Amino acid sequence: MTSTTDQVAGLDDLAATTLLRFATAGSVDDGKSTLVGRLLHDSKSVLTDQMEAVEAVSAQRGQEAPDLALLTDGLRAEREQGITIDVAYRYFATARRRFILADTPGHVQYTRNMVTGASTADLAVVLVDARNGVIEQTRRHAAVAALLRVPHVVLAVNKMDLVGYQESVFAAIAEEFTAYASDLGVPEITAIPISALAGDNVVDASANMDWYGGPTVLEHLETVPVSHDLTACPARFPVQYVIRPQSAEHPDYRGYAGQIASGVLRVGEAVTVLPSGRTSVIEGIDALGESVDIAWAPQSVTLRLKDDIDISRGDLIAPSANAPATTQDVEATVCHVADQPLAVGARVLIKHTTRTVKAIVKEIPSRLTLDDLSQHPAPGQLVANDIGRVVVRTAEPLALDPYADSRRTGSFLLIDPADGTTLAAGMAGESFASRAETTVQADEEGWDF
Amino acid sequence: MTTVAHVHDETDAPYALSHLDALESEAVHIFREVAGEFEKPVILFSGGKDSIVMLHLALKAFAPAPVPFTLLHVDTGHNFPEVLEYRDRTVAEHGLRLHVASVQEYIDAGKLRERPDGTRNPLQTVPLTEAIQSLRFDAVFGGGRRDEEKARAKERVFSLRDEFSQWDPRRQRPELWQLYNGRHAPGEHVRVFPLSNWTELDVWQYIAREGIELPEIYFAHEREVFLRNGMWLTAGEWGGPKEGETPETRLIRYRTVGDMSCTGAVDSDAATLDAVIAEIAVSRLTERGATRADDKMSEAAMEDRKREGYF
C-alpha cells in the first residue's frame, strides 16, 4: 500500500467541529472493504498497532499484501468466512470534520443491516463495479437509501482501473443511476469515478482521470452540508423523563427532559402537549446546566412550562401553531428485521419516540420487490428483510409525523411483546413505493420471492 | 466552562452543533432513556476516565435532581491507590451509592483461582455477573467505546445479555434511528454504552472543555516500573517485579486505568490536559494497543471475554 497524501490526522484535526454520519453499501465483490480500508488508511486513521495486527494475520494466512478487510471485520466468524456479517462503526477525523462510518454488509440477506446503518446516516455511499454497472443490488441499495430518506447519496463507480479509466463507462453508469435514484426521490446524488485498490479519487485526486473535475470521495464527505433539515422542520419534543428534585434547594422545579427531535424551541413560545392537547408556554429552557433562550435539534435539554399540567414520558411537546395530528391508525412502510414473520392479526408493541403502546397489525396491503420496485398485494405476512406496507391500529393515539418530514418523529419500531424482539423498522406515511404502480394483480398467485 | 452549543462556531450552518455537543447530547439522551425505561440501572464506575465522563454526563442529564442510578465497581484487588481514593471521594461528593464486587474476596473464598500470569483482568467477569444477578440490576452502563477495539466496533448501544450475561454478536438486535429497545426477560439485562460513538480524543477534549478532575496517574509523573511482555508495569506488592525483572524510575503516565497487573504505562512528559491531548492527537498507537496486555493474548481476546459477560 502506498500513501500519497500529506494529510496526517494530528493536532490540526482538533479544529474539526462538525460530525458527519455516513453509511457504505455495496455488493459482496464491489470492493467495499477496500474502499473503507483505503479511506481509513489514506486519511492516516489506521494506527500502527492495528496495521501491524493486520499484517501479521495476513502473513500468517500466506497472503502477499495486508488484507485491509481485516481492519473492519472484527468478529471471529467474519474473519473465518471472509465476509462482513454485521454493521460495524468506524471513527476517523480530518482537519475539516469528524466521521462516524456505519460499515454495512452487502449480502442480500442482510438488507436489514443496511437499513440499520442508513437510519442514522446523513449520507450513503453506494458502490458499483464499473465493469458490471448498475445491477439489481445497486437498485436495492438506492431504494433503501431513498426509503430511509438519507439526504445525500454518493455513487462510487469503483474499479475504474479495470475499464481503462474511460469517461464514457463512468458517464453511462452515473446517468443510469442518477435517473433511477432521482425517480425514487433521493434528493442529492453525487457520482465519483474511483479505484479503491489504486487509490484514485478516494482521498487524493486521480492522475488517471483528467476528465473528472469533481471532488474525491473524502473531499465530498468533508464538505457536504449536515443537519440543515432538522432545524428547518416544525419543533418536536418527545418527553423522556420528568425531573422533579423536590429538594430544599429546588422545591418547585419541574422540568421535562428530552432531546429536541426537530426544529427550534424558544422561551415564550406557546406549546401544545400531545396526545392530551393541553396548552402552555415555555417558561425556561435548561441546556444541560445553563439557562438559554433558544435551543434546537438535536440538543438534549430540559423544558419548564408556565402551567403545572400533567405531562409524563411519552408525551410530545410541539408549538401550538404547528402541532402534529394524533392517530390510532398508522399507515407505514416497514422493513422487517426479525427472523420470525410478521402476519396480519399480530399483536405487537409500537415504540414511537419515547412512547410504547400496544397495537395490532390490521393489514399488510403490499410487499415491495426492491429489484424492480413492483408491489405484490396482500402477501399475508412479511419475513426477514421484506419491505412492505402495513396498517397498524394502536391502543392509544400517537403524534406521528410523516417520515418524509421527520426521520425522528416519523419512525417507529414494532416489537414482539412476548420476547422483546425488534420485529420491524417503520416509516409512517406515504413512501416512494406507494407512488409506483401496482404491477401484479391480486389474482396472480404465482409470483416468486 | 460552558455547556451551551456554539452558534456559528466555525461551521456554515446557522444551527449546527459542534461534534462534542452532538456526542454529549446523544449520550444524555441515552441516560434519560434508561432512567425512563428500566427499574434498577447501575453505572460501572472504576475511577477511569471513561466512567468519570459517564458520571459527569449523568449528573448533567438529571440536574438539578440527583443521578437516579447507583454505581458498581469491580475491584480486582490490584487497583491503583490513587484511583480508589478518587473513586471514594467522588462517590461521597455527589452523595452516590457504590457497590463493590471484590475479586480478592472471590479468590480468598476459593471461588476464583489466581492465574499463573498474575493477570486479574479476566477474573473480573464472575464477580461482575454475580453482582448484576444478586443485586438484580436490569441495565448496566459501561464506558466502552467502539473505537477501542474491533469487537467493540460491533457492539450496540443497548446490548441485550442473557441470564448468564453472555453477548452473542450474531444475535444482536438491529439498532435503528435513536429508538433503543430495552425489552428483556426476567434475569436478562441490558448493557448500555452511552460513549459508543466517542473516540479517545473526544473523551479528552470533553474532559478539558468541562474541566473534569481526573486521578493523577493520567498525567506524567515519576514512578517505579518494570518491563514485562513489552509493558511498563507499576512495581508493587501485587506481584512484580519478579526475578529477572528490573525496576527503574521513569517519567510515565497512564492512558487507561485498570488492574495494575495488565495496565501498562506510557513514557510521557504530558503533565497537563493540553499536553495529554497534544500527545494523543499525534500518537500512532491505539489506547489498548499501547497499554493493555490482556488484549494481546489472542486475535479475538476481547470478543471472547465479551461473550462471557465482560464489559
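Note: hydrogens, waters and symmetry copies are ignored here, and every other heavy atom, side chains too, is used. Sequence lines set the chain letters: A, B, ... in the order given, protein chains first and strands last, and positions in each chain run from 1. Predicted model, so just to flag it, every value in this text is computed and none were measured.
With hydrogens and angles left out, the side-chain atoms of B:Asp202 and B:Thr199 include a donor and acceptor closer than 3.5 Å. B:Ser25 and A:Gln259 share a side-chain donor-acceptor pair at under 3.5 Å. There is no side-chain donor-acceptor pair under 3.5 Å between B:Asn197 and A:Tyr89. With no hydrogens or angles considered, a side-chain donor-acceptor pair links A:Asp419 and A:Thr421 at under 3.5 Å. Side chain to side chain, B:Glu175 and B:Tyr180 fail the donor-acceptor criterion of an N or O pair below 3.5 Å.
Looking at A:Asp286, neither its backbone nor its side chain comes within 4.5 Å of chain B, counting heavy atoms on both sides. Proximity to chain A (any heavy atom under 4.5 Å) is shown, for B:His184, by neither the backbone nor the side chain. For chain A, the nearby parts of B:Arg146 are the backbone and the side chain; heavy atoms of each come within less than 4.5 Å. In this structure, the portion of B:Ala61 lying under 4.5 Å from any heavy atom of chain A is its backbone and not its side chain. Only the side chain of A:Tyr241 has a heavy atom closer than 4.5 Å to any heavy atom of chain B. No part of B:Glu188 comes within reach of chain A, as not one of its non-hydrogen atoms sits under 4.5 angstrom from that chain.
Ranked by heavy-atom pairs under 4.5 Å with chain B, the first of A:Ser411, A:Ala118, A:Ala425, A:Gly314 is A:Ser411. By number of non-hydrogen pairs under 4.5 angstrom with chain A, the leading residue of B:Ala63, B:Ala35, B:Ala22, B:Ala185 is B:Ala35. For the options B:Gly36, B:Pro174, B:Pro68, B:Pro64, heavy-atom pairs under 4.5 Å to chain A are most numerous at B:Pro64. For the options A:Thr120, A:Leu413, A:Leu349, A:Val337, heavy-atom pairs under 4.5 Å to chain B are most numerous at A:Leu413. Looking only at heavy-atom pairs under 4.5 Å with chain A, the residue among B:Arg183, B:Arg32, B:Arg145, B:Gln178 that has the most is B:Arg32. When each of A:Leu20, A:Val301, A:Thr356 is checked for heavy-atom pairs under 4.5 Å with chain B, A:Val301 comes out on top.
More than 12 heavy-atom neighbours from other residues, nucleotides or ligands sit within 6.0 angstrom of CZ on A:Arg21.
The salt bridge (charged side-chain N to carboxylate O under 4.0 Å, His left out) contacts involving residues 246-257 of chain A comprise A:Arg254-A:Asp308, where partners must be two or more places apart or lie in separate chains.
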Run the salt bridge (Lys or Arg N to Asp or Glu O under 4.0 Å) test on B:Arg255 and B:Glu279 for me, step by step, so that the C-alpha distance in whole Å, both residues' side-chain angles and the decisive distance to 0.1 Å come before the verdict. CA-CA 11 Å; B:Arg255 262 173 96 172; B:Glu279 182 183 286; over 6 Å; no
